[in-house]
Protein chains: 2
Amino acid sequence: MDELNLLLVDDHPVVRAGLKAVLTEQAGLRVVAEAADGAAAIAQLNRLETLGEHVDVVLMDLQMDGMDGVEATGRIRSAGGPPVLILTTYDSDSDIRTALDAGAAGYLLKDAPLARLTAAVRDAARGRRVLSEEVAARMDPAARNAATDLSPRELELLGLLSRGLVNRQIARELFISESTVKTHLIHIYSKLGVDTRTAAIDQARTLRLIR
Amino acid sequence: MDELNLLLVDDHPVVRAGLKAVLTEQAGLRVVAEAADGAAAIAQLNRLETLGEHVDVVLMDLQMDGMDGVEATGRIRSAGGPPVLILTTYDSDSDIRTALDAGAAGYLLKDAPLARLTAAVRDAARGRRVLSEEVAARMDPAARNAATDLSPRELELLGLLSRGLVNRQIARELFISESTVKTHLIHIYSKLGVDTRTAAIDQARTLRLIR
DNA sequence: GGCGTCGCCGCCCCTACGGATGATCTTCGA
DNA sequence: TCGAAGATCATCCGTAGGGGCGGCGACGCC
């Protein structure tokens, strides 16, 4: 099989058209369908299956109206669908983790060079995991900056923080005491080098720990 | 003159390629140069000028590494350059305002349909102001939701809030007393329907008052 | 001229928050 | 098996933040 069949999922018509133009000009890639959100992507996969069309790789954006990329990825994977390659603008730690946990075959940034993109598509089609350099470096435990290495629990707290919850609400949400919430916050502050919750949110955002 | 000459400015190669593919397929549009950030865009304009090449419209992303779109727009406009059409993913009030203040000829979202994009390019080339529907509605004073209509000063406070400053720092930054900061915050909270600073930041973000 | 909005300032009060410190339990790897 | 790291909880303390007042000058609009 020489030609790989792709499904593009992105809510920006311009980006879809661009990907299509770029990828079809590269030998061996064929865009067989497009979708503007996760639900449409799944519908397209079902439609193509009934037509006997094969899809080798799904190129999926994360941020979309309607069903987002993470959920769609999870559903496609659990249904035994084709490998899903995430192609997105953002590279927050939590995004990457949830996407990979959902079964994504890879995670690329939209500012990746075209050669890398096409190579990633081919790798994903062969069942290999592909991460862009920055993402791989981010996920490599050895290369992590110790100062910004928050525990999963602390990242969870950070998420609730950024949603504007007060300590009491965070405590209830996580079924822990308010004291524990405060302890976690102190740890987060010291790791991020700040001393207030709003500064922690800001810092976490610039470090791309959260979105 | 039938063919319009465009300069594309976007730090995503994929998006640039997509725009180029889409726009050149539309009759009358020609992409004469591309740039990955604001500084490169200005350099390209200078280069094209010495070559005697004319640029009718600059299509500019806002979020870029290096010189961002707002600053680049300001410089291009103040140098008597071609009209600049902003094409971006985000539509926060503050982004729109600063871009238009910097002299942008229009503001479009990347999820705009292609027909609208090409129409906007032609309008911009003719010196007309173009805003996407959502943006225009947002900027229309009559259509504003009174509950979320913050004064300019309050938006300014909100920006400092989101950067994690404490009241004392905000006061110093704005040369006002801490009491006044508190008063502004109270007003912001009541307009946003929240009662803590973090919740205000979150709400302002979801309402796209800030980024 | 009066009314509303905006920006500015002060007081009081109470709570939430942040800092310091110390402690228990689990898990995991050296 | 011992220690490090994570998650949990607690108490004490001081301050920053938020709520409720009231007030003042400037500006624009009817």
Side-chain angles (χ1 to χ4, degrees), chain A residues 93-94 97 139-204 209-210, chain B residues 93-94 97 140-204 209:
Chain A
D93 277 21
S94 59
R97 279 188 210 218
M139 287 296 103
D140 177 11
R144 291 184 94 104
N145 181 347
T148 64
D149 185 19
L150 302 192
S151 74
R153 192 58 154 174
E154 287 163 353
L155 278 177
E156 199 176 0
L157 267 279
L158 212 40
L160 297 177
L161 248 202
S162 72
R163 282 171 40 200
L165 302 196
V166 299
N167 290 352
R168 190 191 312 271
Q169 295 172 311
I170 297 176
R172 272 204 279 265
E173 188 84 17
L174 299 179
F175 303 106
I176 58 180
S177 82
E178 219 174 314
S179 297
T180 307
V181 173
K182 287 176 148 199
T183 307
H184 283 306
L185 290 183
I186 297 289
H187 293 158
I188 293 172
Y189 297 163
S190 84
K191 288 181 180 179
L192 294 181
V194 298
D195 58 0
T196 66
R197 55 215 290 116
T198 47
I201 295 171
D202 181 57
Q203 183 66 5
L209 300 177
I210 57 174
Chain B
D93 277 22
S94 59
R97 278 187 210 220
D140 178 9
R144 292 184 92 106
N145 181 348
T148 65
D149 185 19
L150 303 192
S151 74
R153 193 58 157 175
E154 287 163 352
L155 279 178
E156 201 176 358
L157 268 278
L158 211 41
L160 297 177
L161 248 202
S162 72
R163 281 171 40 200
L165 301 197
V166 299
N167 290 353
R168 190 189 313 272
Q169 294 172 312
I170 298 176
R172 272 204 280 264
E173 188 84 16
L174 300 178
F175 302 106
I176 58 181
S177 83
E178 222 174 311
S179 298
T180 307
V181 172
K182 286 178 148 198
T183 306
H184 283 306
L185 290 183
I186 297 287
H187 293 157
I188 293 172
Y189 298 161
S190 83
K191 287 182 180 178
L192 294 180
V194 298
D195 57 2
T196 66
R197 55 214 291 115
T198 48
I201 294 170
D202 181 57
Q203 183 67 6
L209 300 176

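Chain identifiers are assigned alphabetically (A, B, ...) following the order of the sequence lines, protein sequences preceding nucleic acid strands; residue numbering begins at 1 within each chain.
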Engineer: Can you tell me how far C1' of dA16(C) sits from CD of E178(A), to the nearest Å?
Structural biologist: 8 Å
Engineer: Hey, which sits more toward the 5' end of DNA chain C by its nearest nucleotide, K182(B) or E154(B)?
Structural biologist: E154(B)
Engineer: With rounding to the nearest 0.5 Å, note down the distance linking CD in E154(A) to CG in L161(A).
Structural biologist: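 Spacing of CD (E154(A)) from CG (L161(A)) equals 11.5 Å.
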Engineer: Between dG6(D) atom C1' and I186(A) atom CD1, what is the distance in whole Å?
Structural biologist: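 I186(A) atom CD1 is separated from dG6(D) atom C1' by 16 Å.
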Engineer: Could you give the CZ-to-C1' distance, from F175(A) to dC9(D), as a whole number of Å?
Structural biologist: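 Interatomic distance, CZ of F175(A) to C1' of dC9(D): 18 Å.
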Engineer: Find the distance L174(B):CG to dC9(C):C1' and express it as a whole number of Å.
Structural biologist: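 That distance rounds to 15 Å.
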Engineer: Map L185(A) and I176(B) onto DNA chain C by nearest heavy atom, then report which one ends up closer to the 5' terminus.
Structural biologist: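 Closer to the 5' end of DNA chain C: I176(B).
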Engineer: With a non-hydrogen cut-off below 4.0 angstrom, is T183(B) in contact with a base, only sugar-phosphate, or nothing?
Structural biologist: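 Result for T183(B) = base.
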Engineer: Between the side-chain atoms of S179(B) and the base atoms of dC11(C), is any donor-acceptor pair under 3.5 Å?
Structural biologist: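 No such pair is found, so the answer is no.
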Engineer: Just to confirm, is there a sub-4.0 Å distance from OP1 or OP2 of dC9(D) to any side-chain nitrogen or oxygen of S177(A)?
Structural biologist: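 For S177(A), the contact criterion (side-chain N or O under 4.0 Å from OP1 or OP2 of dC9(D)) is met.
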Engineer: Nearest whole Å is fine: how far is dA16(C) C1' from L165(A) CG?
Structural biologist: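 Rounded to the whole Å, the gap is 14 Å.
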Engineer: Please classify the nucleic acid contact of S151(B) as base, sugar-phosphate, or nothing, using heavy-atom distances under 4.0 Å.
Structural biologist: sugar-phosphate
Engineer: With side-chain contact (heavy atoms from CB on, under 4.5 Å) as the criterion, how do D202(B) and V194(B) come out once you've worked through the C-alpha distance, each side chain's angles and the decisive distance to 0.1 Å?
Structural biologist: CA-CA 10 Å; D202(B) 181 57; V194(B) 298; over 6 Å; no
Engineer: Rounded to whole angstroms, how far apart are NE2 on H184(A) and C1' on dA7(D)?
Structural biologist: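 About 5 Å, once rounded to whole Å.
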Engineer: Is there a side-chain polar atom (N or O) of Y189(A) under 4.0 Å from OP1 or OP2 of dG18(C)?
Structural biologist: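 Indeed, a polar side-chain atom of Y189(A) lies that close.
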Engineer: Please round to the nearest 0.5 Å and tell me the distance separating atom CG of L158(B) and atom CZ of R197(B).
Structural biologist: 11.0 Å
